[in-house]
Amino acid sequence: MAQPKVEKLVTAIDIGSWKVSALIAGRTETGELTILGTGQRESRGVRRGFIADMERTELAVRETVEQAERVAGTNIEDVWVSFSGGSLVSDVVTVERDMGGYRVEQTDIDDLLATGQQGIDPDGRVVLHAQPTCFTINGKVPVKKPLGMHADLLGVDIHVVLADGAPLANLDLCVRGAYLNVNSIVASPIATGFACLSEEERDLGVALVELGAGVTNVSLYAGGMLVGLHSIPIGASDITDDIASAFGIRRSQAERVKCFYGSAMQNRRDFREMIEIATPHGDVAIPGQNAGPNAEGGKITRAALVGVICERLNQIMVEVNAALAGMGFNSPTGRQVVLTGGGAEMKGIADYAQGALGRAVRIGRPRGIAALPEAHGGPAFATLAGLALYGASNPVDLRTMAPAPQTVHRLSAPQWWQRMMRAMRTNY
């Protein structure tokens, strides 16, 4: 079967605290995205979503993109990059314009958006996104395309995401240092929402919880747009650190134990099942250090491992619950929580989160991309897939909107004098 013709290349780079991953996708004639190549490297220069070592991060980006280019058989120059640092702030700005019952023209919409663009107050931060999400007629009726409709009052809701400037500049420098042009830096919750949430879910109301390695982002969608965002500086790597500390093993081994044997739910068999934590050479994982208090002869029970995992998960879920309550996510019980990110791949995490949050919870996996490799089909790659979808859709952003041209009419002296005299006769 012949490969579909690719009209446009879209390259996404997700720079996280645990891994740096890249994806090269092609948009076909039918508008569908298909995967051409992927790459992945360990992230050693990012902490809690922020660049901590620029040289290591730049090297990881370069190697990741080169790997994806080899698989795709092409070279790329422009990329879309994610940002998941804890300095993200979300807000909704509403702008209205009096129409007097006339039909809405394109110039009216452009003027409304220009007014909204001027009304955004970053308060010392950088505007990462400024996107019109919903138009309203007469302050009540939401419409997608007001063009041609009669209105007394035309309004628009503009979703704004702000971030601190220094972390964004460091991220931009790392990517450009790998000889790549940055199309845009995209907030991780927005990219992940593109991949994991349906349009209906975003409209009805849903909470998206990204359990990343260093940061847990909690975002709230309602009315089709992101209306709340909160970052928690705790993630799945903290669970790994807890395991390494509790049992006296290396982080790399703790991560392996967590992935192969870890679970968020405990059962009776866990007290009888033993897990080998000694190295293949038979010595203790960390030279000169004895195994942790829960280890016996280089072995631990699975129940002890699950206990350490659940202790940290409980702390994370308490913070998530507080964030959801602070954003007003405490109305109808039918509202759902979508759990995604690398931490969402742990066994039993959905059931655990459902009990801890008291809400229906499902695992969010990327969708909407053809030929997605099975290894990249899990929640850990939701942000990467969402970046590609975001780049392919190229949504309207007021930051890049050029100011509307204004025509200035200059009056000659006689015309100016005649207009002034006419105004005086009318008023007096």
Answer yes or no: is there a donor N or O on one side and an acceptor on the other, between the side chain of [X] and the main chain of [Y], under 3.5 Å?
X: Asn267; Y: Asp270; value: yes
X: Asp108; Y: Glu105; value: yes
X: Arg48; Y: Gly214; value: yes
X: Thr11; Y: Val79; value: no
X: Ser263; Y: Gly348; value: no
X: Asp164; Y: Ala166; value: no
X: His376; Y: Thr38; value: no
X: Thr64; Y: Ala60; value: yes
X: Ser17; Y: Ala213; value: no
X: Arg359; Y: Ala207; value: no

If we ignore angles and hydrogens, is there a donor and acceptor under 3.5 Å between the side chains of Glu210 and Ser188?
yes

Between Gln315 and Arg312, is there a side-chain donor-acceptor contact under 3.5 Å, judged purely by atom types and distance?
yes

Ion pair Glu58/Arg62, N-O distance below 4.0 Å:
yes

Test: Glu255 and Lys19 ion pair at under 4.0 Å:
no

Given Val308, Ile243, Leu305, the one that forms side chain to side chain contact (heavy atoms under 4.5 Å, CB included) with Lys258
Ile243

So Val156 and Leu113, do their side chains get closer than 4.5 Å, heavy atoms only?
yes

In a check of side-chain hydrogen bond (donor to acceptor under 3.5 Å, both in side chains) between Asp157 and each of Thr94, Thr133, Thr136, which one passes?
Thr94

Hey, could you give me the OG1/NZ distance between Thr28 and Lys8, rounded to the nearest 0.5 Å?
13.0 Å

Distance check, rounded to the nearest 0.5 Å: Lys299 atom NZ versus Ile277 atom CD1?
11.0 Å

